[in-house]
Amino acid sequence: MSSGQNRALMADPIVSVARRLEGAFAAVAGGPCDPVVRPSDRADAQANGALALAKTLGLPPRDVAQKALDAAGDLSDMVESTEIAGPGFVNVVFSTSFIASELSVAMGDARLGVRAADDAHTIVVDYSAPNVAKEMHVGHLRSTVIGDALVRALQYVGNTVIRENHIGDWGTPFGMLIEHLIDLGEENAAHELGVGDLDGFYKEARRKFEADDAFKGRARNRVVMLQSGDADTLRLWQTLVNESTRYFNKVYTQLDVLLTDDDLMGESAYNPLLAEVVERLRTKGLLEESDGAEVVFPEGFTNRDNEPLPLIIRKGDGGYNYATSDLACVIDRVERLGAQSMLYVVGAPQAQHLQMVESVARMAGWLPEKYVMNHVSFGSVLGSDKKILKSRAGDTVKLATLLDEAVERAASAVAEKNPDMSESDRAHIAQMIGIGAVKYSDLCTDRVKDYVFDWDRMLSFEGNTAPYLQYAHARICSIFRRAGIERSSIRGGQPLLNDPRERALALRILRFDSAVWEMIDTLSPHKLCTYLFDLATDFTSFYEHCSVLKAESDSIRDSRLTLCDSTARTMEQGLALLGIRAPEQM
RNA sequence: GCCUCCGUAGCUCAGUUGGAUAGAGCAUCGGACUUCUAAUCCGCAGGUCGCAGGUUCGAUUCCUGCCGGGGGCGCCA
């Protein structure tokens, strides 16, 4: 391994200095000790570890801080100055040459200095999960966009990531859906679904089911035929699935996410395992009979009347329900796919259900202790009235319609601001801007909270928005275009960082490493968004104050070109981890 | 009733796992364009971090109790 790769293991200087101080603090403490190094507004970083340590040692905090600095020895290869301040904080200022050389190393790394996972493993990410013959709406938007970003980030640092799209393709509604398909005629029905009128199809089927007893009877009979594997029924069912997934793929293409047919793992895929789930639970002695159903009582769950709450494995009528297939999922993911970690990107209302599934899986011994099953919960999309987002007619908002509107709005913004652009360029770029804006507005706030959907805000070029970040990237591309310089031609050098904005920008770029890891550690894409916004802000400030092409000297010009290129690469990669494109002009 | 999530500037949101004086962006106000894309930048102002206790050197952050809002609580998925 070259020293370059070795250094790149910790691109963020704050991480580097933290590791250096960790030993020093440990020496003072006489055991492992966190130096608590954080970014600081009074220096580049501050170590707060002395205050806590002072307590256990019974010494004045400032003395402890001094001892730690003494133990750290010579830090001059990375640090310009250290200072003990206030009650015992250690303020750290990096040497500018260290920042410059670290940036050069990071930019020579294939991952731009982002640390590789030291525990890379196989992770299943379960996301999107629309229902066959039902329209995709904003709830699917959140799951799809958040899940996709997590997949990209987890993959980036070296994990093996398996995408699973657990579509709703089984269950009692398929009786009425198949009968409605027959009524319409297969050709007509396929067309209706193929063009994306899933809502109309589903609603009509449900209307007939509720209004027409004969239809209801046929539907019920059809469910039995489906479950018993009747060939003709299965063929009709497959038509529904195929037409729906064809439509989903259109939305996924528009949304620009990674999901393909290879990732489809619908509920029906687990049918062969359901009987085994029951048998295994029975063998373990976990299965109990309750009100005619076969259930498991995981500890710690109670119902309204404070009685134990069961997870229903097999209904009174002998049918299975979603808890059973979710348990089959766990078995399949652990035993067939070798997953050690499972992420469920599912709305907050499913929290208790997933807890119960995990609990039963652990009771049954299907989920080893160290394996994690993580609910990546998220809140709702709200309208400006702070209520769940609805269309003007009061229906749920069709995802496809919403995405079309995003692209339309972006197209008219581009047409207005950049009228010289060709029609085909504009269409292409509007796609990146409109879709990017929707995705970013979904990703940029803490996922556990609800968020307010606002067209004007998300498409604005001001504030924490995708267009603002994309614009920073486009401006850099524009500089190189204007100068007629290939970006790759100026790589490899170390930048001069004499202006405070140059220095701040370089340090910010190096913190990409930590930003990606914060996103991964907390499964929170908004951490990376916040970073990219800071990066764009630091760049724009640099851009306003440090002329690149009209720099005072050629060496400064080249140095600034290097900074521009480093910024653009980091921005493009960061946006890519969020599933967002970075156009070269806009 | 029980469980769970949320409550930070007029609005929309951050706050790096307990650190110094709580930060952005909108909106308002005051400045900067024969431009490396002003789709931008610089500045002013704006706060009882829902309320009350507790833990400790130190709390927006952890604990308890209230108040307000969302969601969940047995055969739909």
Side-chain angles (χ1 to χ4, degrees), chain A residues 14 36 38-42 46 48 51-52 54-55 61 85-89 91 129 131 168 170-173 267 290-295 300-317 319 321-323 325-326 347-353 355 377 379-380 382 384 386-388 413-414 416-418 444-446 448-452 454 456-457 460-465 467-468 470-472 474-483 511 514-515 518 521-522 526-527 529-531 533-534 537 540-541 543-551 560 564 585-586:
Chain A
I14 293 179
V36 195
R38 303 280 182 268
S40 173
D41 51 357
R42 312 186 173 212
Q46 61 183 58
N48 306 326
L51 287 94
K55 183 80 176 172
F89 302 106
N91 290 341
N131 293 311
W170 203 253
T172 46
E267 289 172 75
S290 176
D291 297 340
E294 295 191 278
V295 307
F301 296 91
T302 53
N303 68 11
R304 236 176 258 279
D305 304 315
N306 222 4
E307 293 157 350
L309 184 66
L311 189 67
I312 294 170
I313 304 301
R314 195 162 195 189
K315 297 186 287 190
D317 66 5
N321 70 356
Y322 74 133
S325 66
D326 282 346
Q350 298 286 339
Q352 185 180 279
H353 168 72
Q355 279 171 22
S377 170
S380 310
L382 307 180
S384 54
K386 288 278 208 169
K387 290 180 178 163
I388 302 280
V414 174
E416 185 192 331
K417 304 291 184 184
N418 202 342
C444 74
T445 64
D446 189 350
V448 305
K449 297 182 186 174
D450 298 343
Y451 82 94
V452 177
D454 182 336
D456 291 334
R457 189 151 39 82
S460 166
F461 286 72
E462 292 175 344
N464 190 8
T465 67
Y468 179 75
Q470 290 171 323
Y471 182 52
R475 283 172 126 182
I476 294 170
C477 295
S478 172
I479 291 173
F480 283 92
R481 231 182 358 257
R482 177 66 64 105
R511 302 222 60 217
S514 287
E518 275 174 36
D521 287 340
T522 60
H526 84 280
K527 303 264 183 187
C529 294
T530 303
Y531 167 81
F533 176 60
D534 289 339
T537 303
T540 316
S541 179
Y543 178 90
E544 294 285 334
H545 296 98
C546 304
S547 185
V548 178
L549 298 180
K550 294 177 199 152
R560 287 180 180 167
C564 283
Q585 54 175 324
M586 54 195 289

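Every value quoted in this text rests on a predicted model; they were computed, and no experiment measured them. Protein chains get the first letters and strands the later ones, always in sequence-line order, with residue 1 at the start of each.
- Atom CG of A:Leu309 is separated from atom C1' of B:G72 by 10 Å (rounded to the nearest Å).
- Contact annotation: A:Lys527 side-chain N/O to B:G15 OP1/OP2 distance is under 4.0 Å.
- Within the nucleic acid shown, A:Gly316 comes within 4.0 Å of at least one base atom, counting heavy atoms only.
- In terms of phosphate contacts, A:Lys449 brings a side-chain nitrogen or oxygen within less than 4.0 Å of OP1 or OP2 of B:G7.
- Nucleic acid contact class of A:Cys529 (heavy atoms, under 4.0 Å, all strands): none.
- Note on A:Lys386: every side-chain N or O is 4.0 Å or more away from OP1 and OP2 of B:C11.
- Of the candidate nucleotides B:C75, B:U16, B:A20, B:A20 has the atom nearest to the side chain of A:Asn91.
- The side chain of A:Thr445 has B:A14 as its nearest neighbour among B:A14, B:U21, B:A39.
- Here the separation of B:U37 from B:C41, taken at their C1' atoms, is 13 Å to the nearest Å.
- Base pairing analysis places B:U12 opposite B:A24; the two distances defining the Watson-Crick or G-U wobble pair are each below 3.5 Å.
- Across the protein-nucleic acid pair, A:His526 atom NE2 and B:A24 atom C1' stand 13 Å apart, rounded to whole Å.
- In this structure, the side chains of A:His526 and A:Tyr451 stay at 4.5 Å or more apart for every pair of heavy atoms.
- Per the geometry, OH belonging to A:Tyr451 stands 20 Å off P belonging to B:C26, to the nearest Å.
- Using atom C1' as the reference point in both B:G65 and B:U55, the two lie 15 Å apart (nearest Å).
- The same atom, C1', is picked in B:U40 and in B:G72; the two are 47 Å apart, to the nearest Å.
- Between the P atom of B:G25 and the CZ atom of A:Phe461 lies a distance of 18 Å, rounded to the nearest Å.
- We find that the ring of A:Tyr543 and the base of B:U40 do not stack by the test of centres under 5.5 angstrom and planes tilted less than 30°.
- With a 4.5 Å cut-off on side-chain heavy atoms, A:Cys564 and A:Val548 count as touching.
- Put simply, A:Ser478 has no side-chain N or O that comes within less than 4.0 Å of OP1 or OP2 on B:C36.
- Contacts of A:Pro39 with the nucleic acid, taken as non-hydrogen atoms under 4.0 Å apart, include base atoms.
- The shortest side-chain heavy-atom distance between A:Leu309 and A:Gln352 falls under the 4.5 Å cut-off.
- In terms of polar N and O atoms assigned as donor or acceptor, the side chain of A:Glu267 never comes within less than 3.5 Å of the base of B:A77 in a complementary pairing.
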Taking only nitrogen or oxygen atoms into account, show me every contact under 3.5 Å that the protein makes with nucleotides 41-46 of chain B, one pair per line with its distance.
{"unit_1": "B:C41", "atom_1": "OP1", "unit_2": "A:Tyr468", "atom_2": "OH", "d": "2.7"}

Inset, instruction - Before giving the answer on side-chain contact (heavy atoms from CB on, under 4.5 Å), spell out for A:Phe533 and A:Thr465 the whole-Å C-alpha distance, their side-chain angles and the decisive distance to 0.1 Å. - result: CA-CA 8 Å; A:Phe533 176 60; A:Thr465 67; over 6 Å; no

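- Figure legend. B:C51 is base-paired to B:G65; pairs are counted as Watson-Crick or G-U wobble with both atom distances under 3.5 Å.
- Across all strands shown, A:Asp305 has no heavy atoms under 4.0 Å from either base or sugar-phosphate atoms.
- Side-chain contact between A:Tyr468 and A:Asn464 is absent, with no heavy-atom pair separated by less than 4.5 Å.
- Atom P of B:U64 sits at a distance of 14 Å from the matching atom of B:C6, rounded to the whole Å.
- For A:Ile479 and B:U40, the CD1 to C1' distance is 13 Å, given to the nearest whole Å.
- Of all nucleotides listed (B:U37, B:U21, B:G74), B:G74 comes nearest to the side chain of A:Asn303.
- Here the closest heavy-atom approach between residue A:Pro61 and residue A:Pro87 is recorded as CB-O, 3.2 Å.
- Within the nucleic acid shown, A:Thr522 comes within 4.0 Å of at least one base atom, counting heavy atoms only.
- Closest approach to the A:Ser547 side chain among B:A14, B:C36, B:A77 is made by B:C36 (side chain taken as heavy atoms from C-beta onward).
- Residue A:Ala293 is in base contact, counting any heavy-atom pair closer than 4.0 Å across all strands shown.
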Legend entry - Worked verdict on A:Lys386 versus A:Asp450 for side-chain contact (heavy atoms from CB on, under 4.5 Å): CA-CA 9 Å; A:Lys386 288 278 208 169; A:Asp450 298 343; over 6 Å; no

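- The nucleotide whose nearest atom lies closest to any side-chain atom of A:Gln46 is, among B:A39, B:G19, B:A77, B:G19.
- Nucleotide B:U56 has no partner under the Watson-Crick or G-U criteria, as no pair reaches both atom distances under 3.5 Å.
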Inset, instruction - Start with the C-alpha gap between A:Arg511 and A:Asp534, add the side-chain angles, then the distance that decides, and say whether side-chain contact (heavy atoms from CB on, under 4.5 Å) holds. - result: CA-CA 11 Å; A:Arg511 302 222 60 217; A:Asp534 289 339; over 6 Å; no

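- Judged by Watson-Crick or G-U wobble contacts below 3.5 Å, the nucleotide B:G1 has B:C73 as its partner.
- When heavy atoms are screened at a 4.0 angstrom cut-off, A:Ala515 is found touching no nucleic acid atom at all.
- Between A:Pro310 and A:Asn418, the residue anchored closer to the 5' end of RNA chain B is A:Asn418, taking for each the nucleotide with the nearest heavy atom.
- Rounded to whole Å, the P atom of B:A59 lies 39 Å from the corresponding atom of B:C29.
- The gap from the C1' atom of B:U60 to that of B:U48 amounts to 13 Å, rounded to the nearest Å.
- Considering only residues two or more places apart in sequence or on other chains, A:Asp446 meets the salt bridge (Lys or Arg N to Asp or Glu O under 4.0 Å) condition with none of them.
- A:Ser478 places no side-chain N or O within 3.5 Å of a backbone atom of A:Ala474 that could act as its donor or acceptor partner.
- Residue A:Ser290 places a side-chain atom within donor-acceptor reach of the base of B:G74, judged by atom type and a 3.5 Å distance cut-off alone.
- With rounding to whole Å, A:Asp446 atom CG is found 16 Å from B:U61 atom P.
- Using a 4.0 Å heavy-atom criterion, one finds that A:Val548 contacts the bases of the nucleic acid, with or without backbone contacts as well.
- Residue-level contact check: A:Val36 touches neither bases nor backbone, having no heavy atom under 4.0 Å from any strand.
- Here the P atom of nucleotide B:U4 and the CD atom of A:Gln350 are 18 Å apart, to the nearest Å.
- Between A:Asp521 and A:Lys527, every side-chain heavy-atom pair lies at or beyond the 4.5 Å cut-off.
- Of the P atoms belonging to B:G58 and B:A20, the separation is 14 Å, rounded to the nearest Å.
- Closest to the side chain of A:Tyr322, from the set B:G19, B:A20, B:A77, is B:A77.
- Residue A:Asp326 comes nearest to A:His353 through the heavy atom pair OD2-NE2, 2.7 Å, listed as atom of the first residue, atom of the second, then distance.
- Comparing B:A20, B:U37, B:G19 by their nearest atom to the side chain of A:Gln585 picks out B:U37.
- For B:A22, its base never sits under 3.5 Å from the side chain of A:Asp41 at any donor and acceptor pair.
- A straight line from CZ of A:Phe533 to C1' of B:G15 spans 14 Å, rounded to a whole angstrom.
- Within 4.0 Å (heavy atoms only), A:Asn321 reaches sugar-phosphate atoms of the nucleic acid but no base atom.
- Taking atom P in both B:C5 and B:C66, the straight-line distance is 16 Å, to the nearest Å.
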